[in-house]
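All of these numbers come straight from a predicted model, not from anything done at the bench. Numbering of residues begins at 1 and proceeds along the displayed sequence.
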Amino acid sequence: MRKPGLTFAVLTCLFSLVFISGWASEKPPEKKGPDSALIVEEGLIQRDGIGKMVAWRIVSSEKLKELEAFFPNYEQRKEGGPPAGWEAGYRVYFNFKDGESVRVTVSENNDSDTWSTGRGDHSTRGDFKKFIDALKKRPVQ
């Protein structure tokens, strides 16, 4: 004759082992990239103190990856080298699903070779200016 308490204990142990082994074997979550990005070109300030703004919204995952490659580890907002005297040419806003945005400021000087998240300067990887020039040539759809 079986004892109901023993059967329950054995089943509980088996269930716990299956649950724990499944939980332990879960892969860590993959790095999630942004859902979109907004690139704003710093416009010239007109006489009345209002600037003209040009902006591009990027939603293609392929283009987002291409854009992210210019700014390695931007999402970590790590400290960089001491700020140099460069002028802002572009503001890139990476927008994530959780509502967070990371702003990257890119230099106008020296073909956009410097960027920052506000914690020192970093070198732009690749030809960001060429990326922007290609956006400027695309017709608005």
Side-chain angles (χ1 to χ4, degrees), residues 2-141:
R2 291 188 194 165
K3 294 185 177 181
L6 180 61
T7 304
F8 178 75
V10 170
L11 288 175
T12 302
C13 287
L14 287 174
F15 177 74
S16 297
L17 286 173
V18 169
F19 177 76
I20 290 171
S21 66
W23 176 65
S25 67
E26 278 186 28
K27 294 178 182 175
E30 291 182 28
K31 177 184 169 190
K32 301 284 183 187
D35 287 341
S36 67
L38 182 68
I39 303 171
V40 180
E41 183 175 25
E42 295 289 316
L44 297 174
I45 303 298
Q46 300 170 356
R47 283 185 282 169
D48 57 359
I50 298 173
K52 180 181 177 187
M53 184 178 80
V54 177
W56 300 273
R57 185 165 187 246
I58 310 293
V59 294
S60 158
S61 59
E62 181 182 302
K63 284 289 182 193
L64 284 168
K65 287 178 184 176
E66 187 178 348
L67 181 58
E68 283 185 294
F70 293 115
F71 318 112
N73 302 315
Y74 71 91
E75 69 279 3
Q76 296 173 7
R77 300 178 181 99
K78 290 186 177 182
E79 289 189 27
W86 50 268
E87 294 181 36
Y90 304 90
R91 310 265 183 205
V92 180
Y93 298 87
F94 290 101
N95 304 307
F96 295 84
K97 279 186 181 176
D98 63 2
E100 181 182 11
S101 290
V102 176
R103 183 188 71 203
V104 174
T105 304
V106 186
S107 67
E108 174 67 27
N109 316 53
N110 302 320
D111 292 327
S112 305
D113 69 344
T114 307
W115 65 275
S116 177
T117 57
R119 297 179 178 154
D121 293 349
H122 303 276
S123 295
T124 305
R125 183 181 291 169
D127 194 344
F128 180 75
K129 190 74 168 155
K130 184 178 177 182
F131 181 84
I132 292 295
D133 289 342
L135 291 177
K136 288 179 179 180
K137 291 177 184 174
R138 293 188 72 162
V140 177
Q141 298 178 4

Measure across [X] and [Y] and return the closest heavy-atom pair with its distance rounded to 0.1 Å.
| X | Y | answer |
| --- | --- | --- |
| Ser107 | Tyr90 | O-CD1, 4.5 Å |
| Lys78 | His122 | O-NE2, 3.2 Å |
| Ser36 | Leu64 | C-CD2, 3.7 Å |
| Thr105 | Ala88 | CG2-CB, 3.6 Å |
| Arg125 | Ala69 | CB-O, 3.6 Å |
| Asn109 | Gly85 | ND2-O, 4.4 Å |

Spacing of [X] atom [atom1] and [Y] atom [atom2] [to the nearest 0.5 Å]:
| X | Y | atom1 | atom2 | result |
| --- | --- | --- | --- | --- |
| Glu41 | Glu108 | CD | CD | 7.0 Å |
| Glu100 | Glu75 | CD | CD | 9.5 Å |
| Arg77 | Ser116 | CZ | OG | 11.5 Å |
| Arg103 | Arg91 | CZ | CZ | 5.5 Å |
| Asp127 | Asp133 | CG | CG | 8.0 Å |

Review point. For Glu62, does the CD atom have more than 12 heavy-atom neighbours from other residues, nucleotides or ligands under 6.0 Å away?
Key: no
Point to revise | Enclosure of Glu87 CD (heavy-atom neighbours >12, cutoff 6.0 Å) | key: no
Taking the side chain as every heavy atom from C-beta outward, state whether [X] and [Y] have any pair of such atoms under 4.5 Å apart.
| X | Y | value |
| --- | --- | --- |
| Asn95 | Pro34 | no |
| Phe71 | Thr117 | no |
| Leu67 | Tyr74 | no |

Review point. Checking side chain to side chain contact (heavy atoms under 4.5 Å, CB included) against Ile58, which of Leu135, Val92, Leu38 comes through?
Key: Leu135
Review point. Backbone N or O of Ser123 within a donor-acceptor pair of the Trp115 side chain at under 3.5 Å?
Key: yes
Practice item. Could you tell me whether the side chain of Thr124 and the main chain of Ser112 form a donor-acceptor pair under 3.5 Å? Key: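 Flag set: sc Thr124 to bb Ser112 pair under 3.5 Å.
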Exercise for review: List the steps, then state whether side chain to side chain contact (heavy atoms under 4.5 Å, CB included) holds for Asn110 with Trp86.
Suggested key: CA-CA 9 Å; Asn110 302 320; Trp86 50 268; over 6 Å; no
Check your understanding: Would you call the rings of Phe131 and Phe128 parallel, tilted or perpendicular, where under 30° means parallel and over 60° means perpendicular?
Key ->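 Taking Phe128 first and then Phe131, their aromatic rings lie parallel (interplane angle under 30°).
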Exercise for review: Identify whether the distance between the nearest side-chain nitrogen and carboxylate oxygen of Glu66 and Lys63 falls below 4.0 Å.
Suggested key: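 A salt bridge links Glu66 with Lys63.
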